[in-house]
Chemist: 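Sharing a structure below in structure tokens format, with a few things to ask.
Quick note: numbers below take in every heavy atom, side chains included, and nothing from hydrogens, waters or symmetry partners.
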Amino acid sequence: EPSLDDFYRQLEFNVDRLRSYPTGQEEIYERSPADFLAYMLALNALGREPHSNLIVESAIDLSRDAIQLLDVIVFLPLEDDAGIATHTEDSELRQAVDRRLARILDDDDLQLFSKQCPEVVEARGSTAQRLQTLEHLLGKRPIEKGEV
């Protein structure tokens, strides 16, 4: 079973990597600090990690600082109807993480973002549609009307 400590260590590793790159260097990460934080909060909400306030508060502070190092966060929400496999060994946790991550990124309910926050882009639909969104975001090609 994954634990808060596991996700906290992954968050620390992610933040250390983010801090190691010089300003202006372009890098792509599979997970942002918000992802690890969402896992930790979902474990807590599901009652799998009670008495976790100190580590969660530390993770929020660490994430708040690290988020400022990012230019863009691309959110890929779970979508069973998009033809993308979303089945995992622990679907309850994965769905709780998806809902929590949406609140973090869409609502900024933890106040992680400042005025200089990274842009948050939601990529929905099929794999091809999500790829088109990313290509547009990266300036590779414009999205044609009706594509996404």
Side-chain angles (χ1 to χ4, degrees), residues 2-46 49 55-148:
S3 71
L4 278 176
D5 289 333
D6 294 333
F7 288 113
Y8 191 82
R9 282 192 300 273
Q10 290 178 57
L11 172 63
E12 287 180 312
F13 179 79
N14 179 267
V15 171
D16 286 344
R17 295 267 323 264
L18 284 172
R19 289 179 177 156
S20 73
Y21 293 104
T23 302
Q25 184 170 338
E26 294 180 352
E27 296 293 326
I28 296 176
Y29 285 85
E30 181 181 353
R31 302 261 181 213
S32 77
D35 290 274
F36 301 109
L37 187 55
Y39 272 100
M40 295 173 73
L41 293 167
L43 284 172
N44 193 322
L46 293 172
E49 289 281 352
I55 192 168
V56 169
E57 287 301 319
S58 179
I60 290 170
D61 290 340
L62 186 57
S63 297
R64 187 174 290 126
D65 291 340
I67 285 286
Q68 305 310 312
L69 300 172
L70 303 174
D71 296 319
V72 177
I73 295 175
V74 178
F75 175 38
L76 305 169
L78 291 179
E79 292 185 331
D80 288 331
D81 61 349
I84 298 170
T86 57
H87 304 292
T88 64
E89 291 179 23
D90 190 343
S91 62
E92 179 186 39
L93 176 60
R94 186 63 195 109
Q95 290 173 4
V97 169
D98 187 63
R99 287 188 303 271
R100 193 65 185 94
L101 187 56
R103 289 198 320 266
I104 290 170
L105 297 176
D106 293 341
D107 302 334
D108 192 20
D109 68 342
L110 297 174
Q111 300 174 338
L112 297 181
F113 303 98
S114 71
K115 291 178 183 175
Q116 300 172 351
C117 69
E119 178 182 4
V120 176
V121 175
E122 221 174 87
R124 292 189 168 272
S126 68
T127 302
Q129 289 170 316
R130 291 173 184 224
L131 179 58
Q132 288 172 355
T133 299
L134 294 175
E135 288 174 337
H136 173 73
L137 181 66
L138 296 172
K140 301 238 180 220
R141 69 177 193 80
I143 292 179
E144 300 297 324
K145 187 176 181 178
E147 279 188 328
V148 179

Chemist: Please assess Thr127 against Leu131 for the test side chain to side chain contact (heavy atoms under 4.5 Å, CB included), listing each intermediate value before the final yes or no.
Modeler: CA-CA 6 Å; Thr127 302; Leu131 179 58; 5.5 Å; no
Chemist: Listed by chain and number, what are the side chain to side chain donor-acceptor pair (under 3.5 Å) partners of Glu119, not counting sequence neighbours?
Modeler: none
Chemist: Taking atom CG of Leu62 and atom OH of Tyr8, what is their separation to the nearest 0.5 Å?
Modeler: 5.0 Å
Chemist: Could you report the tightest heavy-atom contact between Leu70 and Pro118, atom names first, then the distance?
Modeler: O-CB, 3.3 Å
Chemist: To the nearest 0.5 Å, how far apart are CD1 in Ile67 and CD in Gln111?
Modeler: 14.0 Å
Chemist: Within a radius of less than 6.0 Å around CZ of Phe13, do more than 12 heavy atoms belonging to other residues, nucleotides or ligands occur?
Modeler: no
Chemist: Considering only distance and modelled atom types, tabulate donor-acceptor pairs under 3.5 Å from the side chains of residues 30-41, sequence neighbours left out.
Modeler:
{"residue": "Ser32", "atom": "OG", "partner": "Ala34", "partner atom": "N", "Å": "3.2"}
{"residue": "Ser32", "atom": "OG", "partner": "Asp35", "partner atom": "OD2", "Å": "3.1"}
{"residue": "Asp35", "atom": "OD2", "partner": "Ser32", "partner atom": "N", "Å": "2.7"}

Chemist: Would you give the length of the straight line joining atom CD1 of Ile104 to atom OG of Ser63, rounded to the nearest 0.5 angstrom?
Modeler: 7.5 Å
Chemist: Would you please name every residue forming a side chain to side chain contact (heavy atoms under 4.5 Å, CB included) with Ala123, sequence neighbours left out?
Modeler: Val74, Leu76, Arg130, Thr133
Chemist: With rounding to the nearest 0.5 angstrom, report the OG to CG distance, Ser58 to Leu4.
Modeler: 11.5 Å
Chemist: So which heavy atom on Gln129 is nearest to which on Arg124, and how close?
Modeler: CB-O, 3.7 Å
Chemist: Does any pair with a residue in residues 6-19 pass salt bridge (charged side-chain N to carboxylate O under 4.0 Å, His left out), and if so which ones, sequence neighbours excluded?
Modeler: Asp6-Arg9
Chemist: Would Asp90 and Glu92 count as a side chain to side chain contact (heavy atoms under 4.5 Å, CB included) if you check the C-alpha gap in whole Å, the side-chain angles of each, and the deciding distance to 0.1 Å?
Modeler: CA-CA 5 Å; Asp90 190 343; Glu92 179 186 39; 3.8 Å; yes
Chemist: Work out which heavy atom in Phe7 is nearest to a heavy atom in Pro2; give both atom names and the distance.
Modeler: CE1-CB, 3.5 Å
Chemist: Can you list the residues that meet the side chain to side chain donor-acceptor pair (under 3.5 Å) rule with Gln25, with sequence neighbours excluded?
Modeler: Glu27
Chemist: Using the salt bridge (charged side-chain N to carboxylate O under 4.0 Å, His left out) rule, collect all pairs that involve residues 56-65, keeping only residues at least two apart or in two chains.
Modeler: Asp61-Arg64
Chemist: Under the rule for side chain to side chain donor-acceptor pair (under 3.5 Å), what residues qualify as partners of Asn44, not counting sequence neighbours?
Modeler: Ser52
Chemist: When rounded to the nearest 0.5 angstrom, what distance separates CG in Leu105 from CD1 in Ile73?
Modeler: 5.5 Å
Chemist: Could you give all pairs that pass the salt bridge (charged side-chain N to carboxylate O under 4.0 Å, His left out) test and reach residues 101-112, with sequence neighbours left out?
Modeler: Arg100-Asp109, Arg103-Asp109
Chemist: Taking all non-hydrogen atoms of both residues into account, name the closest pair between Ser114 and Gln68 and its distance.
Modeler: OG-OE1, 2.8 Å
Chemist: Measuring from atom CD1 of Ile55 to atom CG of Leu43, what distance do you get when rounded to the nearest 0.5 angstrom?
Modeler: 10.5 Å
